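The residues of the chain are indexed from 1 along the displayed sequence. Please read these numbers as outputs of a predicted model, since none were measured by experiment.
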Amino acid sequence: MRAQTKTQAQLATLVFMMINAVLFGIGVIAVLTIPATRADAGPWIVAVVIASVLVSAPVSWLIAPRLRLRYWKQRAAQQHHASLPQHG
């Protein structure tokens, strides 16, 4: 495994837990506030748990590279270059 991929996997693992918690919370609030699902909340909460895990994995993998300092330095350099006046 390349060092960059290893770093991305470590960051994705940390981000995964936070994204999963947020999605789970949103899902449980939705289940408990909708009267039709509140009456039979057990299976719905199980579905929310499964869905939050399945959605959190790819989202965290996409967010992880953006947490690296190298990304922000490159982005700042590109923005600085774009803001310079163009001479014709």
Side-chain angles (χ1 to χ4, degrees):
M1 182 182 292
R2 292 186 352 210
Q4 182 178 0
T5 306
K6 186 176 179 181
T7 303
Q8 184 175 352
Q10 291 170 346
L11 287 170
T13 302
L14 294 172
V15 173
F16 171 82
M17 292 183 272
M18 291 179 271
I19 292 173
N20 189 25
V22 169
L23 291 177
F24 173 75
I26 292 170
V28 167
I29 289 172
V31 167
L32 296 177
T33 56
I34 299 171
T37 58
R38 188 181 331 145
D40 194 24
W44 286 104
I45 292 177
V46 171
V48 166
V49 169
I50 293 169
S52 67
V53 168
L54 293 177
V55 171
S56 297
V59 170
S60 64
W61 187 256
L62 292 173
I63 290 175
R66 290 167 177 79
L67 299 176
R68 299 187 68 192
L69 184 59
R70 182 184 317 171
Y71 172 81
W72 292 105
K73 285 181 180 178
Q74 289 173 353
R75 188 169 180 215
Q78 289 172 351
Q79 288 176 349
H80 177 70
H81 180 69
S83 67
L84 292 176
Q86 300 293 324
H87 297 289

To the nearest 0.5 Å, what is the distance between CE on M18 and OG on S60? 9.5 Å
Would you be so kind as to tabulate the donor-acceptor pairs closer than 3.5 Å made by side chains of residues 35-49, with sequence neighbours excluded?
residue, atom, partner, partner atom, Å
T37, OG1, V31, O, 2.7
T37, OG1, I34, O, 3.1
R38, NE, L32, O, 2.9

With Q10 via side chain to side chain contact (heavy atoms under 4.5 Å, CB included) - residues at least two apart: K6
Output side-chain donor-acceptor pairs under 3.5 Å for residues 19-29, partner residues at least two apart or in another chain, one line each.
residue, atom, partner, partner atom, Å
N20, OD1, S52, OG, 2.9

Is there a path of hydrophobic side-chain contacts, each under 4.5 Å between heavy atoms, that joins W61 and L54? no
Quick check: closest heavy atoms across L62 and P65, and the distance to 0.1 Å? O-CD, 3.5 Å
What do the steps show when you test Q8 against T5 for side chain to side chain contact (heavy atoms under 4.5 Å, CB included), and what is the final call? CA-CA 5 Å; Q8 184 175 352; T5 306; 5.6 Å; no
Taking a hydrophobic cluster as the set of Ile, Leu, Val, Met, Phe, Trp and Tyr residues connected by side-chain heavy atoms closer than 4.5 Å, whether directly or through intermediates, do L11 and V55 fall within one such cluster? yes
For A12 and A64 the tightest heavy-atom approach is N-CB, 3.7 Å
Given side chain to side chain contact (heavy atoms under 4.5 Å, CB included), test F16 with V53 step by step and report yes or no. CA-CA 8 Å; F16 171 82; V53 168; 4.2 Å; yes
